[in-house]
Amino acid sequence: MHPSVAGRMSQTGARGGACAAVTLAGQPVCENGAVPEGSPEHLDVLIVGAGLSGIGAAWHLQDRCPGKRYAILEARDDLGGTWDLFRYPGIRSDSDMHTLGYRFKPWTRSKTITDGPSILEYVRETAREDGIEPKIRFGHRVVAASWSSEETRWTVEAERAEDGERVTLTCDFLWICSGYYRYDEGFTPRFEGEERFAGPVVHPQHWPEDLDYEGKRVVVIGSGATAVTLVPAMAEKAAQVTMLQRSPTYIASLPAEDRVATGLRRLLPDRAVYALVRWKNVLIQTAFFQLSRRRPAIVKRLVRKGVVRALPPGYDVDKHFKPKYEPWDQRMCLVPDGDLFRAISGGSASVVTDTIASFTERGIALDSGEELEADVIVTATGLNLLFLGGIELEVDGEPADLPSKMTYKGMMLSGVPNFAFTVGYTNASWTLKADLTSEFVCRLLRHMDAGGHARVQADADPSVEPAPLLDFTSGYVQRSLHEFPKQGSKEPWKLRQNYVFDIGTIRRGSLEDGALRFSGPPAGDRPAERITA
Ligand SMILES: Cc1cc2nc3c(=O)[nH]c(=O)nc-3n(C[C@H](O)[C@H](O)[C@H](O)COP(=O)(O)OP(=O)(O)OC[C@H]3O[C@@H](n4cnc5c(N)ncnc54)[C@H](O)[C@@H]3O)c2cc1C
């Protein structure tokens, strides 16, 4: 358990003390600052999730809306989200830290495609240095949130891990930074004859600390980012690692160290180097994505050429590395310094493209008739997507039906007042969009305070056609898309997935855009001192 968890937990729903009829920001408090018996604790902003996004959100809130009282509710016992949860060998980013890092905190280490523990340390450092850590209430899973227009506030219910008790808080603004997948369970399809295999079958999301694979034969099922990370990392110790894939993925190699950044560091201060390299990478990635969409044949040729160069002559590149879909119809995989290709070339790893007939006592029988012998099987078969951390939302007593909602700028939901969520880009580093979302939410809160508005809501425009939120063809996206809200056919409902474009609309775009409706407090209901300009 995180050292400060116990302390934090006891703060929530603090009770008792000599209670005077004092009203502070709309909330009755006792003389000792505690909340009187019976009234839930009230906050200006409640953030859900203490991962990369939640910590970034808190940083922006402290920086741009310093008067706001806020807390972060985090289901787990530690911060860092993804970068704390995943512990498999080789865990690393597959995008560069100059764009996966926060805009406000330069990444100064030499490796730009870096290991999970370094990313976790970067998030921790932000939370520590900027005084965010004490605001986190660990072990609090938010299960329900209910908006009341009469009270102009959210009532949020969280389950406390310590004792299973329900804790109630209220807040003016609810901000969900819960990531995009289920934490309790990764996705594993059902395999015929699973029970016959005698060795360990492991999902990367639940990696056993003591898994011994030294000198053993390992089969990794999958071809996504996790599989291509695991294969070269496990190949360092295992006797042989086989990546078993149903179909190939686009894989490109990038240097783990950004030579431009290394060179510039000798001449310029960290902040300037970070800003320059971040922009260089944003522009290269944006151009590459646009090229993939407009001229896919060129990108296919370029990626293929890279793979052919990295593998031994005669290797069947088209069988194992030529996907059936177009580049960026699914997320493209990056491998630092060609580590996967080096493992294949060196003979410690191999790729088999085939389908699974069944698990056997000795390994996996394939539809081609071949059998892959294994001591350990790793199912790198993906995630179960989950929107808003599984929180049940209600607006004025009505359940908020997510598939019928439309996302405003990919960060608010139509018809859901005083509410935002942070979800990053799928075609670029997550944090680029997370930072923009944070800037927008802070701008929104300041605008509301300055204008005396207690409520903001994105109103759906009936002339806007709904469209699926994501256009990825990947199985994990297609499996869950029906549970997600929609995007719209035009701005501000359309999800651009384009940082450069979003700077114009999210960082600079007017808040009074006709889609956002601001309204003031109901007469006589709210004290004027709540509004801080
Ligand atoms: C293995 C892996 C590698 C990745 N690599 C990259 C990469 O290289 N580049 C990139 O851009 N993206 C990458 N991603 C996507 C990655 O998840 C994001 O980059 C980023 O870490 C997401 O941060 P987050 O804070 O939004 O979500 P998360 O990291 O998922 O954190 C969410 C937090 O919210 C908490 N939470 C969830 N629901 C609730 C609830 N109901 N109540 C309370 N707390 C809750 C969780 O416990 C967690 O701590 C990767 C993802 C995975 C799984």
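Please read these numbers as outputs of a predicted model, since none were measured by experiment. Whatever order the structure lists ligands and atoms in, that order sets their numbers, starting from 1. Heads up: numbering here begins at 1 and tracks the sequence.
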Among all protein heavy atoms in this structure, tell me which lies nearest to [atom], with the distance rounded to 0.1 Å.
{"atom": "atom 30 (O) of ligand 1", "result": "Y183 OH, 2.6 Å"}
{"atom": "atom 9 (N) of ligand 1", "result": "S95 OG, 2.7 Å"}
{"atom": "atom 53 (C) of ligand 1", "result": "F86 CE1, 3.5 Å"}
{"atom": "atom 24 (P) of ligand 1", "result": "S53 OG, 3.3 Å"}
{"atom": "atom 5 (N) of ligand 1", "result": "W83 CH2, 3.4 Å"}
{"atom": "atom 8 (O) of ligand 1", "result": "D94 N, 2.5 Å"}
{"atom": "atom 14 (N) of ligand 1", "result": "Y180 OH, 4.2 Å"}
{"atom": "atom 46 (C) of ligand 1", "result": "E74 OE2, 3.5 Å"}

Under a heavy-atom criterion of less than 4.0 Å, does [X] contact ligand 1?
{"X": "T422", "result": "no"}
{"X": "F138", "result": "no"}
{"X": "G424", "result": "no"}
{"X": "G390", "result": "no"}
{"X": "R182", "result": "no"}
{"X": "Q205", "result": "no"}

Could an N or O of ligand 1 be found under 3.5 Å from any N or O of [X], whether backbone or side chain?
{"X": "L383", "value": "no"}
{"X": "L388", "value": "no"}
{"X": "L100", "value": "no"}

Exercise for review: Check for a donor-acceptor pair, side chain of D115 on one end and backbone N or O of R92 on the other, with a separation under 3.5 Å.
Suggested key: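 No, because the side chain of D115 does not come within donor-acceptor range (under 3.5 Å) of the backbone of R92.
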Review point. When you measure from the side chain of T381 to the backbone N and O of F187, does any donor-acceptor pair fall under 3.5 Å?
Key: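 Confirmed, T381 side chain pairs with F187 backbone.
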Do [X] and [Y] have their ring centres less than 6.0 Å from each other?
{"X": "Y70", "Y": "F173", "result": "no"}
{"X": "F341", "Y": "F321", "result": "yes"}
{"X": "W107", "Y": "Y122", "result": "yes"}
{"X": "F104", "Y": "W59", "result": "yes"}
{"X": "Y274", "Y": "W279", "result": "no"}
{"X": "Y183", "Y": "Y181", "result": "yes"}

Considering only heavy atoms, does [X] approach ligand 1 within less than 4.0 Å through its side chain, its backbone, both, or neither?
{"X": "F421", "value": "neither"}
{"X": "C177", "value": "backbone"}
{"X": "I55", "value": "neither"}
{"X": "V48", "value": "side chain"}
{"X": "R331", "value": "side chain"}

Give the atoms of ligand 1, by number and element, whose distance to some non-hydrogen atom of [X] is under 4.0 Å.
{"X": "R141", "value": "42 (N), 43 (C)"}
{"X": "R76", "value": "47 (O)"}
{"X": "S93", "value": "8 (O)"}
{"X": "A75", "value": "43 (C), 44 (N), 45 (C)"}
{"X": "L73", "value": "43 (C), 44 (N)"}
{"X": "G49", "value": "33 (C), 34 (O), 35 (C)"}
{"X": "H140", "value": "42 (N), 43 (C)"}
{"X": "G81", "value": "29 (O), 31 (O), 48 (C), 49 (O)"}

Quick one: are [X] and [Y] in side-chain contact, heavy atoms under 4.5 Å?
{"X": "L169", "Y": "L73", "result": "yes"}
{"X": "M406", "Y": "Q487", "result": "no"}
{"X": "L402", "Y": "L388", "result": "yes"}

Point to revise | Of the listed options A50, S178, G51, closest to atom 36 (N) of ligand 1 (non-hydrogen atoms) | key: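 It is S178 whose heavy atom sits nearest to atom 36 (N) of ligand 1.
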Point to revise | Sequence neighbours excluded, every pair satisfying ring-ring contact (aromatic ring centres under 6.0 Å, His included) that has a member inside residues 385-418 | key: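 Of all non-adjacent pairs touching residues 385-418, those that pass ring-ring contact (aromatic ring centres under 6.0 Å, His included) are F387-F421, F387-F484, Y408-W493.
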Donor-acceptor pair between [X] and [Y] side chains, under 3.5 angstrom:
{"X": "T422", "Y": "W175", "result": "yes"}
{"X": "T114", "Y": "R109", "result": "no"}
{"X": "Q285", "Y": "D96", "result": "yes"}

Review point. Does atom NZ of K280 have more than 12 heavy-atom neighbours, drawn from other residues, nucleotides or ligands, at distances under 6.0 Å?
Key: yes
Review point. So which heavy atom on P403 is nearest to which on H482, and how close?
Key: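 For P403 versus H482, the nearest heavy atoms are CG-O, 3.4 Å.
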Exercise for review: Using the six-membered ring wherever Trp is involved, compare the ring planes of H206 and H203 and label them parallel, tilted or perpendicular (cut-offs 30° and 60°).
Suggested key: tilted
